[in-house]
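Step one of this worksheet: look at the structure below.
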Amino acid sequence: MTTVQKTQVAIVGGGPAGLLLGHLLRLEGIEVVIVERASADYVLGRIRAGVLEATLTDLLHKLGINERLKAEGLPHDGFYLADGEKLIHINVGELTGKTVTVYGQTEVTRDLMDVAEARGLQIVYEAGDVTLNDIESDTPWLTYSRDGVEHRLDARFICGCDGFHGPSRKAIPDSVGRVYEKVYPFGWLGILADVPPCHHELIYANHPNGFALASMRSETRSRYYIQVPVDEDIALWPDDRLWDELAVRLGPEAAARMTRGPAIEKSIAPLRSFVFEPMRHGSLFLAGDSAHIVPPTGAKGLNLAASDVAYLSDALIRFFKSGDEDGVAGYSEKALARVWKSERFSWQLTTLMHRFPGTDAFDRRMQQAELDYIAGSRSARTAIAENYVGLPL
Ligand code: FAS
Ligand code: PHB
């Protein structure tokens, strides 16, 4: 027996992109159903991004889902690039007039989940085997299984917000899709600990042992990362060894202020740059990690999902409210223009701040020369700052 449900927009994936898109469409009275493979607890258990551009905080403000963000988010108007003992302050507030907000992706996701039911946003968790059908028609539909029952969901559009490993991108024929990818020869080992941060702003460090990042979630919860080989066994990194290495890579000043504590989460994330074109095929749209991945160095991943959603929600609202098809027709080109600029910035900062295996003395001199140039040039710091706070939509 298969149940059949009709809606206007079916969203695959209940992560930040899917939830944000669902809420923005519901705000305009558009019928939406989100099908999410995992449980709500599993989605909340993934520790990921920590820095929000105004691109994202403005959308949460528009939705009126920003009370906790306003109360607990930490406005930041600068960050540091460290090259050995040299600290370069990128004063984004002074250089761009904008700030970023430190507030965990997990908290954004929680806030969006908490008000879903009250706002008529239906989320089906633990929806297995999601399969997309007739995406080249005006009557696409998907199927999923839950508790042994098959379900069919008919919609006018399907939005693939199902991340890098989801089915939506793969539903677009190989003859249509174009993939651009760069896999980096290292990953980030991240630790989350309930200890106060070592600095009130983020520090991105390029050390002979490798990259390190000192970040945070609040004034009592810190998030740190170090570059490790892409196939590193996390068992080789007990907490004490990781704290010792962080102290070395972040330098004596930060180390002196570093508070150690037990990891409440520790994981290794691979780094890649990835773009799939187009971000629309027939009645299927892609948004967020389903279409693109950036190395987290530029803090762009979550924020790029937000800009995709800003464009896509606007296009769909225009379609359903006034039959205007220009927005949906132009979505892929518009979103990709911003995606590629963020890909460039994330690749540039990753190349500048990491130690690549097999590079020679000349490559290292290039990194040092670029950091020296940034330290001495307001224009160079402004270029970094305007990308870090987020380019205009
Ligand atoms: P997500 O991957 O967050 O969500 C996709 C959702 O689709 C998931 O809930 C998944 O369960 C669901 N899904 C997948 N397959 C499905 C199926 N078959 N059926 C139904 N649902 C399905 N960004 C930063 O800015 N800073 C960081 O430090 C950072 N660290 C990261 C660390 C890791 C390990 C990863 C993987 C990403 C990191 N990112 C970081 C990027 C990350 O924050 C993403 O940009 C962000 O989660 C994008 O959100 P979504 O596009 O919603 O994708
Ligand atoms: C984080 O706090 O998780 C974080 C912050 C900035 C980045 C990447 C990750 O560039």
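Numbers here are sequence positions counted from 1. Atoms within each ligand, like the ligands themselves, are counted from 1 in listed order.
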* Structure fact -> ligand 2 to R48, heavy atom cutoff 4.0 Å, flagged ligand atoms 3 (O)

* In the protein, which heavy atom is nearest to atom 8 (C) of ligand 2, and how far is it? -> P296 O, 3.2 Å

* **Options Y225, W188, F79, ranked by nearest heavy atom to atom 4 (C) of ligand 2, top entry** => Y225

* Asked: Is a salt bridge present between R365 and D363, judged by a nitrogen-to-oxygen distance below 4.0 Å?
  -> no

* Lys/Arg cation over aromatic W347: R344, 6.0 Å, 45° cone -> no

* Asked: Which protein residues have a heavy atom closer than 4.0 Å to any atom of ligand 1, listed by chain and number?
  -> V12, G13, G15, P16, A17, V35, E36, R37, V43, R46, R48, A49, Q105, V130, C161, D162, G163, G166, P167, Y225, A269, G288, D289, P296, A299, K300, G301, L302

* By number and element, which atoms of ligand 2 are closer than 4.0 Å to a non-hydrogen atom of A299? -> 6 (C), 7 (C), 10 (O)

* Asked: So, K334 and D308, do they make that salt bridge, N to O below 4.0 Å?
  -> no

* To do: Could you tell me which atoms of ligand 2, counted from 1 in the order shown, lie closer than 4.0 angstrom to a heavy atom of T297?
  => 10 (O)

* Using a strict 4.0 Å threshold on nitrogen-to-oxygen distance, state whether D129 and R37 make a salt bridge. => no

* Determine, for E53 against R338, whether the closest basic-nitrogen to carboxylate-oxygen distance falls under 4.0 angstrom. => yes

* Considering only NZ, NE, NH1 and NH2 on the basic side and carboxylate oxygens on the acidic side, decide whether R156 and E31 come within less than 4.0 Å. => no

* **Residue-ligand contact I47/ligand 2, heavy atom below 4.0 Å** => no

* **Ion pair R364/D83, N-O distance below 4.0 Å** => yes

* **Any Q105 heavy atom less than 4.0 Å from ligand 2** => no

* By number and element, which atoms of ligand 2 are closer than 4.0 Å to a non-hydrogen atom of V51? -> 5 (C), 6 (C)

* To do: For H23, check side chain to side chain donor-acceptor pair (under 3.5 Å) against everything at least two apart and list the hits.
  => none

* Asked: Will you find, in the side chains of Q5 and W141, an N or O donor that is under 3.5 Å from an N or O acceptor?
  -> no

* **Salt bridge R241-E245, side-chain N to carboxylate O under 4.0 Å** => no

* Asked: Nearest protein heavy-atom contact for atom 6 (C) of ligand 2: which residue, which atom, what distance?
  -> Y204 OH, 3.3 Å

* To do: Please could you name the atoms of ligand 2 that L202 approaches to less than 4.0 Å, counting only its heavy atoms?
  => 5 (C), 6 (C)

* Is K86 salt-bridged to D372, going by a charged N under 4.0 Å from an acidic O? -> yes

